[in-house]
Amino acid sequence: MPDSSRTAVGSILRRCWPLVAAVPLGAVCGGAYALVAPVEYQANAYVMVVPETTGDSSTAVDFAQAYGRVITQPEILLDAAASTGVPVAQLAPLVQAVTSPDAPMIQITGSAGSAARSAKEANAVADSLVSFGNAASKQTRVKLLTFAAAALPDRPSSPSRTLDLAVGAAAGLLVGGLGTMARQSLSGNAGNAGNTADAAGTALPLPRSTEAATEAAAEPVPELEPVGAEADGADGAAPAESRHRRPAAQGRR
């Protein structure tokens, strides 16, 4: 590598070393989190709401959204808790429902540390919801059907090593960029302070008129010669030239 290229690379590294160090460090932290984070699997089961009256699809959609909102209620989870062996209080945060504004379909997602457990939870909650909804079909005029049972997921939903690495690298890029900007800002402020100190220590030349005024003020002023009583005339009046006499040096002012 030529000397000029090495010098340029070294200059860039000296100025941007926080950024260069933070990006790989963030990626390593993201990868470490992906290794130590608990594994979680998710399985999806689907329940469809069918209207008893033909052509009343809007009512089915409305009831599908309503059942999706109350999926974690104890009345619905009692049967699922009994079949899975998980208490209702522990099962409720592991289950969630998603509905569509256009279709009378309810997606029930079960989360667990194993693939079989997540599928079992999703199917149990789906069956419990079908039983609960069909018990009130005379009042609601809709029926619930299990559209698709949950299958065993083939891979965990989290953690995602690729995603965690990308998030860690992005966080390192952000932190390193902020550190580089702060370092350059501090260096610039220190340089400005040094220039100000150098400028303050350098004496500025005085103008010529100021020098002349200073020399004139420093020159001593001669004293006037006293005029004694002997120099006065007999009538007590001093000659005109004595009264108006001034030193010759006074004219220089």
Side-chain angles (χ1 to χ4, degrees), residues 30 33-171:
Y33 172 78
L35 292 176
V36 301
V39 178
E40 184 178 72
Y41 289 85
Q42 288 186 346
N44 299 322
Y46 297 90
V47 173
M48 177 174 287
V49 180
V50 181
E52 292 184 350
T53 303
T54 305
D56 197 5
S57 59
S58 60
T59 302
V61 172
D62 294 339
F63 273 104
Q65 295 179 359
Y67 283 127
R69 295 188 187 99
V70 298
I71 191 68
T72 57
Q73 294 298 314
E75 293 81 1
I76 300 177
L77 295 182
L78 282 176
D79 293 342
S83 61
T84 59
V86 181
V88 173
Q90 298 180 11
L91 184 61
L94 300 177
V95 177
Q96 60 182 352
V98 178
T99 59
S100 172
D102 301 324
M105 184 77 68
I106 305 172
Q107 174 184 299
I108 300 173
T109 303
S111 302
S114 65
R117 191 75 178 178
S118 63
K120 185 177 182 180
E121 291 176 357
N123 289 328
V125 174
D127 294 340
S128 181
L129 178 61
V130 170
S131 299
F132 177 82
N134 290 336
S137 61
K138 292 182 179 181
Q139 291 80 15
T140 60
R141 296 182 180 180
V142 294
K143 290 184 179 181
L144 277 68
L145 302 175
T146 302
F147 182 79
L152 294 178
D154 56 351
R155 67 183 62 183
S157 59
S158 65
S160 176
R161 295 183 180 180
T162 303
L163 180 60
D164 292 335
L165 286 173
V167 171

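One is the number of the first residue; the rest follow in order along the sequence. It should be emphasised that the depicted structure is a prediction, and the values quoted were computed from it without experimental measurement.
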Note, Gln65 side chain near Pro101 side chain (heavy atom, < 4.5 Å): yes
Would Val130 and Leu145 count as a side chain to side chain contact (heavy atoms under 4.5 Å, CB included) if you check the C-alpha gap in whole Å, the side-chain angles of each, and the deciding distance to 0.1 Å? CA-CA 6 Å; Val130 170; Leu145 302 175; over 6 Å; no
For the CZ atom of Phe63 and the OG atom of Ser137, what is their distance to the nearest 0.5 Å? 10.5 Å
Are the side chains of Tyr67 and Leu129 in contact, using a 4.5 Å heavy-atom criterion? yes
Quick one: closest heavy-atom pair of Ala112 and Ser118, and the distance? CB-N, 3.5 Å
Please check this pair: side chain of Asn123 against backbone of Ala150, looking for a donor-acceptor N/O pair closer than 3.5 Å. yes
Please walk me through it: do Tyr41 and Arg117 pass side chain to side chain contact (heavy atoms under 4.5 Å, CB included)? CA-CA 8 Å; Tyr41 289 85; Arg117 191 75 178 178; over 6 Å; no
Okay, side chain of Ser100, backbone of Asp102: is any donor-acceptor separation there less than 3.5 Å? yes
Check: Glu121 and Leu91 side chains under 4.5 Å, non-hydrogen atoms: yes
Out of curiosity, Asn44 CG to Thr109 OG1, how far, rounded to the nearest 0.5 Å? 4.0 Å
To the closest 0.5 Å, what do you measure between CD (Glu75) and CZ (Phe132)? 6.5 Å
Where Val142 and Pro51 come nearest, the two heavy atoms and their spacing: CG1-CA, 4.0 Å
From Ser157 OG over to Glu40 CD, what is the distance, rounded to the nearest 0.5 angstrom? 5.0 Å
Under the 3.5 angstrom rule, does the side chain of Thr99 hit a backbone N or O of Ala64 as a donor-acceptor pair? no
Gap separating the CZ atom of Arg69 from the CD1 atom of Ile71, nearest 0.5 angstrom: 13.0 Å
Determine whether a donor-acceptor pair (N or O, by modelled atom type, separation under 3.5 Å) exists between the side chain of Ser128 and the backbone of Ala124. no
Of all heavy-atom pairs between Ala116 and Leu152, which one has the smallest distance, and what is that distance? CA-CD2, 3.4 Å
Shortest non-hydrogen contact from Lys120 to Ser83? CE-O, 3.6 Å
Specify the closest pair of heavy atoms between Ala80 and Thr84, including all atoms of both residues, with the distance to one decimal. O-OG1, 2.7 Å
What's the spacing between Leu77 CG and Leu94 CG if we round to 0.5 Å? 10.0 Å
Might you point out which heavy atoms bring Val88 and Ala81 nearest each other, and give the distance in Å? CG2-CB, 3.7 Å
